[in-house]
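The sequence lines fix the lettering, A, B, ..., with proteins before strands; numbering per chain opens at 1. Because the structure is a prediction, the values reported are computed rather than measured.
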Protein chains: 2
Amino acid sequence: MESEEARPRRRQARGERRMSEILDAAAAVFAEQGYEKATTNAIAAAAGISPGSLYQFFRSKEAVAQALTDRFTAQMRDAHGEAFAPAGLAALAALDLDDLIDRVVDPLVAFNIANPGFKALFARPDMPPGLATAAGPIQSALLGRVEAILAVRSPGLSAPERARSARVLVQIFQAMTPVVVAAASEEEREAEVRELKKVLRGYLAPLDG
Amino acid sequence: MESEEARPRRRQARGERRMSEILDAAAAVFAEQGYEKATTNAIAAAAGISPGSLYQFFRSKEAVAQALTDRFTAQMRDAHGEAFAPAGLAALAALDLDDLIDRVVDPLVAFNIANPGFKALFARPDMPPGLATAAGPIQSALLGRVEAILAVRSPGLSAPERARSARVLVQIFQAMTPVVVAAASEEEREAEVRELKKVLRGYLAPLDG
DNA sequence: CGAGAATACGAGCAATTACTCGTATTGACA
DNA sequence: TGTCAATACGAGTAATTGCTCGTATTCTCG
């Protein structure tokens, strides 16, 4: 997974801490500026270091985004993997549709709210080719899991139909996530989440066995 | 609406033609590069003129986008206003839900396919502040019309509920449009449109009186 | 025809930005 | 303690890009 460190550094205490700080700063700057408009100098400044120092740890702006994506992926797996885990699939199969949606959507929404920089890398339509690959893992992990759930809940679907439906579901989620994250108040946010779930339910109900 | 022309030009035959050519070029470049990555020099080159000539007609890149948006708005009104027109509302009220969706979605899809540059200005999440205003008219026109239809079909909704539902519907459409437009084959495209309609139907059915 | 405005050109400017490089400091380890 | 790599700095560079400016050409109109 990490084949880019041909020569491991020695001073890892300071270094690792710096890298983490840089990623924190990058997440914040990406969240508020978007990927393209975020400048590497701004990220360095937000991390309290010089541009040169940033490039001591990351080869390029894209490498920062890549590392941040990796970190998000790991965080998501650690925090919310349960709901999606293969072991949980059987339990998910027996659930009420509304409960199923809650079980899947709520953790994802919580994660997106806790990590506002996430959607800047996840829900971006104008990714540079390299970054599409970077965000790909998250995207395809989510897709694969949704497909797995569909396979259990809607055995009548052919494989291509299942793939298409999963794509549509993920797309709906991605489209509505920015609105949810940007909600001004808590009530507003809950209302947006309710709408998101309505959309998902409306699409899923006819498919659901 | 057009308060920016304090001093009308004289040679309008050549000039107007050039402006139209520039907008054609801009639509093409925006379509394939996106707004940010599209350079004014590239637009000028695509129009077969020099950068200086472009700026004889448009004060800035943003002004080009603004003018293009205006042209799209007018085209959309001319071509597909009927389906949305106030006069047609009564007819729409009596329709089957599937027919209603066809009536509204099909022209919009056709327009987006015929004008691939449209979505670059319409479905962009990272608009500069000025451009949000530029794209606003299209967005809010569409929103207003969807709201009008909802008012007729779902009289039980409160005004805020109606506004929110309209926003959700437009958002779904925007999110799925790029996939529809980019479809590789005709069958693929039809399948995507079917999914789009399924999503809309699933969300609307419970609301529909 | 002659004048003035509209159109056209394209080299180049000013600002931005991802990234580098020469150098200085810090700290682990012999 | 001395050494050397890791860390840190920040002015500077090359490339990009929106846009300008001086100038040349074309057209309208009297």
Subject >> Selection residues 165-177 of chain B - residue pairs positive for salt bridge (Lys or Arg N to Asp or Glu O under 4.0 Å), sequence neighbours left out >> reply: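 Found A/E192-B/R167.
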
Subject >> Contact list for residues 107-117 of chain B, test side chain to side chain donor-acceptor pair (under 3.5 Å), sequence neighbours left out >> reply: none

Subject >> CG-CG distance between B/L143 and B/L169, expressed to the nearest 0.5 angstrom >> reply: 9.0 Å

Atom [atom1] of [X] to atom [atom2] of [N]: distance rounded to whole Å?
| X | N | atom1 | atom2 | value |
| --- | --- | --- | --- | --- |
| B/R18 | D/dT25 | CZ | P | 17 Å |
| A/I49 | D/dA6 | CD1 | P | 17 Å |
| B/E16 | C/dA8 | CD | C1' | 17 Å |
| B/F58 | C/dA8 | CZ | C1' | 15 Å |
| A/I43 | C/dT17 | CD1 | P | 12 Å |

Original post:
For nucleotides 18-30 of chain C, read 5' to 3', which letter fits each nucleotide if B means a protein heavy atom sits under 4.0 Å from the base, S means only the sugar-phosphate is that close, and - means neither?
Top reply: BBB-----BBS--

**OP:** Please name all residues satisfying side-chain contact (heavy atoms from CB on, under 4.5 Å) with B/A46, sequence neighbours left out, ordered by chain then number.
**Re:**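 Listed in chain order: B/A25, B/V29.
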
Original post:
Can you list every pair that meets ring-ring contact (aromatic ring centres under 6.0 Å, His included) and has a residue in residues 11-30 of chain A, with sequence neighbours left out?
Top reply: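 Of all non-adjacent pairs touching residues 11-30 of chain A, those that pass ring-ring contact (aromatic ring centres under 6.0 Å, His included) are A/F30-A/Y35.
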
**OP:** Tell me, please, which residues at least two apart from A/Y55 pass ring-ring contact (aromatic ring centres under 6.0 Å, His included).
**Re:** none

Original post:
Looking for any heavy atom pair under 4.0 Å, which part of the strands does B/L54 touch: base, sugar-phosphate only, or nothing?
Top reply: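 Here B/L54 touches no strand at all.
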
